Number of protein chains: 2
Amino acid sequence: MSTTRPPETSSGPPWTGPLSPPRRRRVSMADVARLAGVSSQTVSRVSTGHPGVVPATREQVLTAMRQLGYRPNGAARALKYGEFRTIGVVLFTLATTGNSRTLEAIATYAADAGYVITLIPVTTPTQDRVDGAFTRLGELAVDAVIVIMEVHLLDTATVVLPPDVHVVIVDSDAGERHCVVDTDQAHGARQAVHHLLDLGHRTVWHVAGPPESFAAERRALAWRGVLREAGRPVPPLRRGDWSADAGYRAGLELAEEPDCTAVFVANDQMALGVLRAFYQRGRVVPRDVSVVGFDDIAEAGSFIPPLTTVHQDFAEVGRRCVEAALRQVRTGSTETGTTLVPTRLVLRDSTAPPPRR
Amino acid sequence: MSTTRPPETSSGPPWTGPLSPPRRRRVSMADVARLAGVSSQTVSRVSTGHPGVVPATREQVLTAMRQLGYRPNGAARALKYGEFRTIGVVLFTLATTGNSRTLEAIATYAADAGYVITLIPVTTPTQDRVDGAFTRLGELAVDAVIVIMEVHLLDTATVVLPPDVHVVIVDSDAGERHCVVDTDQAHGARQAVHHLLDLGHRTVWHVAGPPESFAAERRALAWRGVLREAGRPVPPLRRGDWSADAGYRAGLELAEEPDCTAVFVANDQMALGVLRAFYQRGRVVPRDVSVVGFDDIAEAGSFIPPLTTVHQDFAEVGRRCVEAALRQVRTGSTETGTTLVPTRLVLRDSTAPPPRR
DNA sequence: GGCACCGATGTTTACGTAAACATTTCCGGT
DNA sequence: ACCGGAAATGTTTACGTAAACATCGGTGCC
């Protein structure tokens, strides 16, 4: 670390002067030991809850601890144990419901296991930044890493990953080389499309997410697959960037298609935009056209009309991420392969049989 | 008690766990030094970028580092430096836009300053859990703490806070005793209510957040204040829990009030519910009734109709949190007082003059 | 040519903790 | 009274890093 110390700022660095702002050394076990009149090892035993300390002594030590406000030094412990009890989470954005919900679940389950989460944000998804994050990661006090990111960016950065840090990846097809946990995108998309076909729609249109998203690709692929299997025509694909605005624009286009009676939108935000476009164009949902979303965000039930959508179990994704990460940490092994978390179709009021023609 | 325990089942705290797998020791500076044929101190100098290493030697060391895959041990550094370059963030939920956006901003600005974020989730806001989080916090390797939480819960837990950890709090009235950064709730609410009055509405109804939220209270207080100042009647308050469903229920009630021509809703999610309730009851927004939200979530512009709302600058809140936290860390001081981040009213299509009567 | 000095590198030490090993204390059994 | 032995407590050491201090070789100056 480049200690850029301006030489002329004051009369010497603040920590040398005896009168300087009390950069007071933290209370250590030695201090407690001195006050309690025991050895620091005994303090350690009390601190870690080891047996073999007579109650009277223990009480003495605890009193001294309280009196001095002692708390163990995490860094020293980590150094001693050789592990940090910390999981790093690399992510690109928290703006999407999925990411923040997954993160929350990860943090919660990690906490249950006595681990904490260190956040490593990658603000702009340029290769540089990603590489930078992973380089920094190398120096970070982290036992395992969970990556929540479109994996395409990750690919070239992967090589930089320190070999002794265990990795779990969300939203990725890197199952060959890494441990991947993800929602079963394909199954969810199939549920959505089948639902619409079952209602009697001749075919289903699709508003997909951006091509660099693995999830978007999987959903689009499954959509196309179901239509092909069923021998239905495959309408041209619209793409958006997950935002409601993008959905709105796609919706305006779809509203012009007289054949379009059913739309599967790759996420709920874009579905919101589609609903607004249809509303504005006087295409009544679900009477004239049915819409299915993906994610089941908290607001989906309050859209106009309440949105039928594919529910993602973000909590479960988070749980399995932590599970896989800790398993690897404990065994010291590196797992590969993909774990898929099932989805569930939530029926609300945005789908109905097609209008009589 | 301990007499009956066989020594090999010794169950200390979970993190004392068995060091079962042959945890291969990480490459240390000594290893690099040996390979490069220099002293470990020279490796240290190269690693930290200190001057005074001749290029040839430096290259030799770098080669050895690469060859062995060396990366510095964060714990050892932290122990040496006496600081962790880490900020802990305590929060209750990431489900609200505000919290996750603030967190993202905090993480980003912290990263810019060379700090990382450690997440400390408090899943259920019981006093127990909060206390627990703060106790754990004490042992955590953290230089400062940012708390994103309704402060009422915090209050009694505060005493537990280690005195040498610096604190910044969001969404709180603890400015007397702590450093608080928050959106200027009152100003935002005033903007919203004034906007509606300026449009010609006789008065403004309010759907508030839960009473345990400080933000909710501030917004409600400001709403009432503006009406009082303007000499307008103060309609009865509705309360919700921030969710769209709660907004929907409140909206159904408001739709029955013939006098209600303008509603200020304490957040956008509830506003979404209110819009749906009005839609369902045939009260056209904004022709029959105007609605203003709070937050300006990404989807607000895609509501039906697009929502006029108070924009919160979460990024700025996050930035100032980090700033305040790091300032305290650097100076070793404890700041108190409140910093307010201004809001901005975003005009969209959900407000209009009241209907002619 | 000798000496003071500086730059490059090596050696020692401390950070706080806890395992491993060492010592003391105290007990019951003979 | 003595001894074996275990429980209670103390001492040493290592974890990986980097500041502080020590050393060594060369360079410039008189």
Side-chain angles (χ1 to χ4, degrees), chain A residues 1-3 5 13 15-16 23-34 36-61 65 68 70-85 139 141, chain B residues 1-8 10 12-13 15-19 23-34 36-61 65 68 70-85 139 141 164:
Chain A
M1 200 140 305
S2 55
T3 52
R5 183 189 316 149
W15 60 85
T16 53
R23 172 77 172 169
R24 60 175 181 283
R25 204 175 49 77
R26 258 180 60 163
V27 179
S28 79
M29 294 211 310
D31 302 316
V32 176
R34 206 170 306 119
V38 299
S39 77
S40 64
Q41 182 55 40
T42 299
V43 177
S44 169
R45 280 191 265 259
V46 172
S47 167
T48 55
H50 274 215
V53 178
V54 93
T57 309
R58 171 185 308 275
E59 206 45 57
Q60 218 170 326
V61 171
M65 280 180 173
L68 296 175
Y70 168 79
R71 41 199 197 100
N73 181 316
R77 280 193 171 170
L79 176 58
K80 191 94 181 77
Y81 286 130
E83 60 177 30
F84 308 98
R85 304 201 70 82
E139 320 186 348
Chain B
M1 42 157 160
S2 54
T3 55
T4 59
R5 178 171 6 198
E8 60 276 9
S10 87
W15 39 271
T16 331
L19 13 146
R23 174 178 293 287
R24 61 173 184 287
R25 205 176 49 77
R26 259 178 59 164
V27 180
S28 79
M29 292 210 315
D31 302 317
V32 176
R34 206 170 308 120
V38 299
S39 78
S40 64
Q41 182 55 41
T42 299
V43 178
S44 170
R45 280 192 264 258
V46 172
S47 168
T48 53
H50 273 217
V53 179
V54 96
T57 311
R58 170 184 307 276
E59 205 45 57
Q60 218 170 326
V61 171
M65 280 181 173
L68 295 175
Y70 167 80
R71 44 201 196 97
N73 182 318
R77 279 193 171 169
L79 176 57
K80 191 97 183 71
Y81 286 132
E83 61 176 30
F84 308 100
R85 303 196 73 79
E139 320 188 347
D164 53 345

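Remember, it's a predicted structure, so these values are computed and weren't measured experimentally. Side-chain atoms are counted along with the backbone in the values below, which use heavy atoms only and exclude waters and symmetry mates. Quick note on labels: first sequence line is chain A, next is B, and so on, each numbered from 1.
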ask   = Could you give the CZ-to-C1' distance, from Phe84(B) to dT17(D), as a whole number of Å?
value = 15 Å
note = Applying side-chain contact (heavy atoms from CB on, under 4.5 Å) to Ala75(B) and not counting sequence neighbours gives Ala78(A), Leu79(A), Phe84(A), Asn73(B)
task = Measure the angle between the two terminal helix axes of the helix from dG1(C)-dC30(D) to dT30(C)-dA1(D), five base pairs each, and quote it to 10°.
result = 50°
query = Expressed in angstrom and rounded to an integer, what is the separation of Asn73(B) atom CG from dA18(D) atom C1'?
reply = 13 Å
task = Report yes if a side-chain nitrogen or oxygen of Thr57(A) is closer than 4.0 Å to either non-bridging phosphate oxygen (OP1 or OP2) of dT9(D); otherwise report no.
result = yes
query = How close or far is atom P of dT9(D) from atom CD of Glu59(A), stated in whole angstroms?
reply = 13 Å
Side-chain donor or acceptor of Thr48(A) paired with backbone N/O of Ser44(A) under 3.5 Å = yes
task = Send over the distance from Glu83(B) CD to dC15(C) P, rounded to a whole Å.
result = 17 Å
key: Minimum-distance nucleotide to His50(B) side chain [options: dA19(D), dA18(C), dT17(D)]   = dA19(D)
request  = Take the protein atom CE of Met29(A) and the nucleotide atom P of dC15(C), then report the distance between them rounded to whole Å.
outcome  = 13 Å
key: Heavy-atom pair of closest approach, residues Val43(A) and Val38(A)   = CG2-CG2, 4.0 Å
query = Expressed in angstrom and rounded to an integer, what is the separation of Lys80(A) atom NZ from dT17(C) atom P?
reply = 12 Å
request  = Grab the CG-C1' distance between Leu79(B) and dC15(D) for me, whole Å please.
outcome  = 9 Å
note = Smallest heavy-atom separation, Val61(A) atom then Val32(A) atom, equals O-CG1, 4.0 Å
query = Applying salt bridge (charged side-chain N to carboxylate O under 4.0 Å, His left out), which residue pairs with at least one partner in residues 50-60 of chain B are found, sequence neighbours left out?
reply = Glu59(B)-Arg66(B)
message = To the nearest 0.5 Å, what is the distance between CD on Gln41(A) and OG on Ser47(A)?
response = 10.5 Å
task = Quick one: list whatever passes side-chain contact (heavy atoms from CB on, under 4.5 Å) with Gln60(A), sequence neighbours left out.
result = none
Arg77(B) side-chain N/O to dA18(D) phosphate OP1/OP2 under 4.0 Å = yes
Between Thr57(B) and Arg45(B): side-chain donor-acceptor atoms closer than 3.5 Å = no
remark   = Heavy-atom nearest nucleotide on DNA chain C taken for Val54(B) and for Tyr70(A); more 5' hit belongs to Val54(B)
ask   = Taking only N and O in the side chain of Tyr81(B), is any of them less than 4.0 Å away from OP1 or OP2 of dC15(C)?
value = no
Protein-nucleotides 10-12 of chain D N/O pairs under 3.5 Å:
from	atom 1	to	atom 2	distance (Å)
dG10(D)	OP2	Ser39(A)	N	2.8
dG10(D)	OP2	Ser39(A)	OG	3.1
dG10(D)	OP2	Thr42(A)	OG1	2.8
dG10(D)	N7	Arg45(A)	NH2	3.0

